[in-house]
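Report on the following structure.
What you see below is based on every heavy atom in this structure, not just the backbone, and it leaves out hydrogens, waters and symmetry mates.
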Amino acid sequence: MRCRTATPAALLLVLTACATGPSLETRGEVTAPPGDSRHLTVGSAGFTESDLLAQMYAQLLNQAGYRTSLLTVANRELYEPALESGQIDVVPEYAATFADWLNARTNGPDAPPVGSPDLATTMKALRRLAAPRGLTVLDPGRAVDQNAFAVTAAYARRHHLRTLSDLGASGLRVRLAAGDECVQRPYCEPGLKKVYGIDITGVDPKGVGTTQAKRAVQNGQDQMVLTTTTDATLDQFGLVLLADDRHLQNADYVVPVVNRSRAGGERVTKALGRLNGVLTTADLAAMNQQVDSWRRLASDVARTYLKDKGLLK
């Protein structure tokens, strides 16, 4: 059953009640021929880059003849089941992060990670995990956005920090501004402790790379912030990235994930695939800056970019 569109106030309840994914009785139906619905809902995870990608997806799909609507759901624990159920039809994801998330959901939180620095290996694992849930993972392009960790430039100078290994070796106690999922993600708090030996005293749930999170580090309330390699606003807050010198982060290439029964057809694949040869990591950083620093609307930035690249009339 496809749930009706919810009002913002009712969204959490609707997603919780309706976005359960294929039942045990219908799980075998995911091998049915891919569908091609005329009206597609594009999901965003609620941060700038996800909004930009969702806008580009929607505009490319509109040009290909689909009617689209956008829905923001800031928690993967809610939007992924909504994607399975068909309340959301298309969402931008990150290959390694999504592979490990699905792996933990399928095989338990202690399952060995399946994401890796190798893109081909990661994509194979991701598609194997996604298919039984009625999801199709489209091809990645050139753009990759990995988690990254930043401290103030003054803090880095004072403690002679250039890498995450330096921070671990320093023995400093670190309060981390991040999303609330960080406490469980293997490439966030657990990985920082295990791989780098960083003394994380707590996670301040202010989101990934949000203004609030970066200000918390800027004013000394927290010592480090979880952001991304395409964050173009760090200078404004006096922040610098610490190098991931032991390669904690994996192949987080941008990939569209679709509900197979509603958006698994060739037209959707072709429309979204037009980004693959064009969109780069540097492009994402530049667009993020336009939204975060120049206060432009994500929809306008996305449209301008697609037109400049000859992908939109």
Side-chain angles (χ1 to χ4, degrees), residues 45 47 49-50 53 76 80 91-131 135-151 161-169 174 176 178-179 181-198 200 208-209 224-232 234 240-257 273 275-285 288:
F47 57 94
E49 187 168 292
S50 188
L53 289 164
R76 188 179 277 114
E80 189 278 334
V91 70
E93 262 293 357
Y94 300 91
T97 295
F98 196 42
D100 283 332
W101 191 87
L102 285 180
N103 186 46
R105 188 173 177 213
T106 302
N107 299 310
D110 297 326
V114 296
S116 79
D118 182 75
L119 178 60
T121 300
T122 298
M123 287 296 297
K124 183 177 179 180
L126 174 55
R127 284 171 165 155
R128 184 180 67 247
L129 289 160
L135 306 180
T136 297
V137 183
L138 305 186
D139 289 340
R142 301 161 60 192
V144 57
D145 186 359
Q146 296 170 314
N147 286 343
F149 298 91
V151 299
L161 307 177
R162 298 182 64 184
T163 68
L164 290 171
S165 288
D166 292 340
L167 182 56
V174 175
L176 176 63
E181 301 168 344
C182 179
V183 296
Q184 297 178 332
R185 294 286 167 80
Y187 303 110
C188 199
E189 180 185 359
L192 291 173
K193 289 180 175 179
K194 181 178 180 180
V195 175
Y196 288 106
I198 298 173
I200 304 294
V208 179
M224 187 163 67
V225 60
L226 168 62
T227 183
T228 66
T229 52
T230 57
D231 188 336
L234 295 178
V240 294
L241 293 179
L242 295 181
D244 178 24
D245 55 310
R246 295 184 185 174
H247 307 292
L248 174 62
Q249 307 305 323
N250 285 334
D252 264 330
Y253 283 74
V254 174
V255 289
V257 182
L275 271 178
N276 287 0
V278 175
L279 185 65
T280 67
T281 304
D283 291 341
L284 279 179
N288 287 340

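One N or O on the side chain of Tyr196 and one on the backbone of Asp245 form a donor-acceptor pair closer than 3.5 Å. Formation of a donor-acceptor pair under 3.5 Å by the Asp166 side chain with backbone atoms of Arg162 is found in this model. Side-chain N or O atoms of Asp252 include one that pairs as donor or acceptor with a backbone N or O of Thr97 at under 3.5 Å. The backbone N or O of Thr280 lies less than 3.5 Å from a partner atom in the side chain of Asp283, making a donor-acceptor pair.
In this structure, Lys124 has no salt bridge (charged side-chain N to carboxylate O under 4.0 Å, His left out) partners at least two apart in sequence or on a different chain. Legend: residues meeting side chain to side chain donor-acceptor pair (under 3.5 Å) with Thr281, ordered by chain and number and at least two apart, are absent. Here Asp231 pairs with Lys214 under the salt bridge (charged side-chain N to carboxylate O under 4.0 Å, His left out) rule; sequence neighbours left out. A search for salt bridge (charged side-chain N to carboxylate O under 4.0 Å, His left out) contacts involving Arg127 returns Asp139, not counting sequence neighbours. Scanning for salt bridge (charged side-chain N to carboxylate O under 4.0 Å, His left out) contacts around Arg185 gives Glu77, Glu181, with sequence neighbours left out. Remark: Ala285 pairs with Thr230 by the side chain to side chain contact (heavy atoms under 4.5 Å, CB included) rule, at least two apart or across chains.
Between the side chains of Tyr187 and Asp100, at least one donor-acceptor pair of N or O atoms lies under 3.5 Å.
Counting heavy atoms from C-beta on, the side chains of Glu93 and Pro256 never come closer than 4.5 Å.
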Exercise for the section: Give the C-alpha distance, both sets of side-chain angles, the deciding distance and a yes or no for side-chain hydrogen bond (donor to acceptor under 3.5 Å, both in side chains) between Tyr94 and Glu49. Expected result: CA-CA 11 Å; Tyr94 300 91; Glu49 187 168 292; 2.7 Å; yes
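Taking both residues in full, the closest heavy atoms of Val183 and Pro190 are given as O-CG, 3.6 Å, listed atom of the first, atom of the second, then distance.
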